[in-house]
Number of protein chains: 2
Amino acid sequence: MDSLIKIFKALGDKSRLRILKMLQIRQLCVCEMTTVLGLATSTVSNHLSILKEAGLIFDIKDGKWVDYSINTQSSSLFITGLLPLLSFWLNDDEQIQMDAEKLKTAYRNELCR
Amino acid sequence: MDSLIKIFKALGDKSRLRILKMLQIRQLCVCEMTTVLGLATSTVSNHLSILKEAGLIFDIKDGKWVDYSINTQSSSLFITGLLPLLSFWLNDDEQIQMDAEKLKTAYRNELCR
DNA sequence: TAAACATTTCGATGAATATAGAAATGTTAT
DNA sequence: ATAACATTTCTATATTCATCGAAATGTTTA
C-alpha cells in the first residue's frame, strides 16, 4: 500500500502534474521545465526526485544535462494503470495548454546558459 | 486541474485508502469505520469529509447514523476512471485484508453504544 | 587548469495536514 | 422532556511539505 500512497502523494501537487503532462509531450531537462514552471531550480529538482521516487519518471544523464522521461515501461500495475489515464486527462486545462505552448519554444540550448 | 489534485490528495493517505477499500465492500456508518481503523471519531469524520469533498464518496442520513457509500455514479471522468482501478488494487494487501476480516463482525448495533 | 554551467543537496521558513479531545448539533428512546 | 447516542465542528499540536537561496557536485569548454 505504501507504494500506491507514494504515487498518489506525488500526483497530488499542481507543479508535479504540470511536469508529468510536459513529459508526456517529450523528454526534458531540468532547466527547460524550470523555465516553463517559473520555480527555483532546486524546487523543480525536488519535485522531480519525488516523481522519480514514486516510479512515475526516470532520468538519464546526458553530459551536464539530466533528461527526464515518463516511465511508461514500469512494472508497477499502479503506474501502468494511472499513466494512460493521465494522458487523457487535463488536455483541455488552461494551464496545461499554456505549458505545452511554452514548451514549443523552450529548448535547452537557448534557455540554459 | 484543481479537482484532480483534490482527488489525488484524498487518495494519498493510508487511512483514507483503507476507508475506500472498506466502502467497496459495503456502505458503512462512521462508528463502524472508527472501530476498524482505531482512530478517534473526529479524525475519521474529517477523513470522510475530505473524501466527500473530492467526490469519491457520498453520505445519506439514516436516523442518528450517517451511511457513507462509494460514489460509483459520479459524473467526474477522474472519479469514474480511478474507482474501478482501486477496486482491483490492494486486495492482496495485508492491512486491507485485515480490515475486510474485521468488517465481517463489525455491525453498528453491536459496536456503537 | 580554470571558469562556466546544470543539477543536486542542505538549511531555513511558512503553509498545509493528520490527529485528538472538547464542545456543539441533531436524533432516538426512555 | 431528558438522557443517551452518532456525528460534526472547533481548537490545539506536532508533523509533513513546498519553496527558496546557498553550498556542493560533477561536466564541459575555453
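Predicted model only: the values in this text are computed from it and were never measured.
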Between P on C:dT17 and NZ on A:Lys9, what's the gap in Å once rounded to a whole number?
10 Å
Here the distance between atom P of D:dT16 and atom CZ of A:Phe8, to the nearest Å, is 21 Å
Is the closest side-chain heavy-atom distance between A:Ile60 and A:Gln27 below 4.5 Å?
no
Would a 4.5 Å heavy-atom cut-off, applied to side chains only, mark B:Arg26 and B:Glu32 as touching?
yes
Using whole Å, what does the distance between atom C1' of nucleotide D:dA18 and atom CZ of A:Arg16 come to?
8 Å
Tell me which residues in residues 95-104 of chain B put a heavy atom below 4.0 Å from DNA chain D, sorted by number, or none.
none
I want to verify a distance call: between D:dC5, C:dT7, D:dT8, whose nearest atom is closest to the B:Val30 side chain?
D:dT8
Between atom NZ in A:Lys61 and atom P in D:dT25, what is the gap in whole Å?
13 Å
Nearest-0.5 Å distance that lies between atom CG in A:Leu4 and atom CG in B:Asp93:
9.5 Å
Taking the side chain as C-beta and beyond, is there a heavy-atom pair between A:Met1 and A:Ile5 under 4.5 Å?
yes
When rounded to whole Å, the NZ to C1' distance for the pair A:Lys64 and C:dT8 reads 16 Å
On a heavy-atom basis, the closest approach of B:Trp89 and A:Gly81 is CZ2-CA, 4.3 Å
Between C1' on C:dT19 and CG on B:Leu37, what's the gap in Å once rounded to a whole number?
13 Å
If you compare every side-chain N and O of B:Tyr68 against the phosphate oxygens of D:dT8 (OP1, OP2), does one of them come in below 4.0 Å?
yes
Any A:Met22 side-chain heavy atom under 4.5 Å of A:Leu37 side chain
yes
A:Lys21 and A:Asn91: side chain donor to acceptor below 3.5 Å
yes
Tell me which residues in residues 39-60 of chain B put a heavy atom below 4.0 Å from DNA chain D, sorted by number, or none.
B:Thr41, B:Ser42, B:Ser45
For B:Lys14 and C:dA18, what is the distance between atoms NZ and P respectively, to the nearest whole Å?
15 Å
Passing option when B:Leu28 is tested against B:Val66, B:Leu103, B:Thr35 for side-chain contact (heavy atoms from CB on, under 4.5 Å):
B:Leu103
A:Glu53 atom CD, neighbour heavy-atom count above 12 within 6.0 Å
no
Given atom CG of A:Asp13 and atom P of D:dC17, what is their separation to the nearest angstrom?
11 Å
Choosing from D:dT7, C:dC5, C:dT27, which nucleotide comes nearest the side chain of B:Cys29?
D:dT7
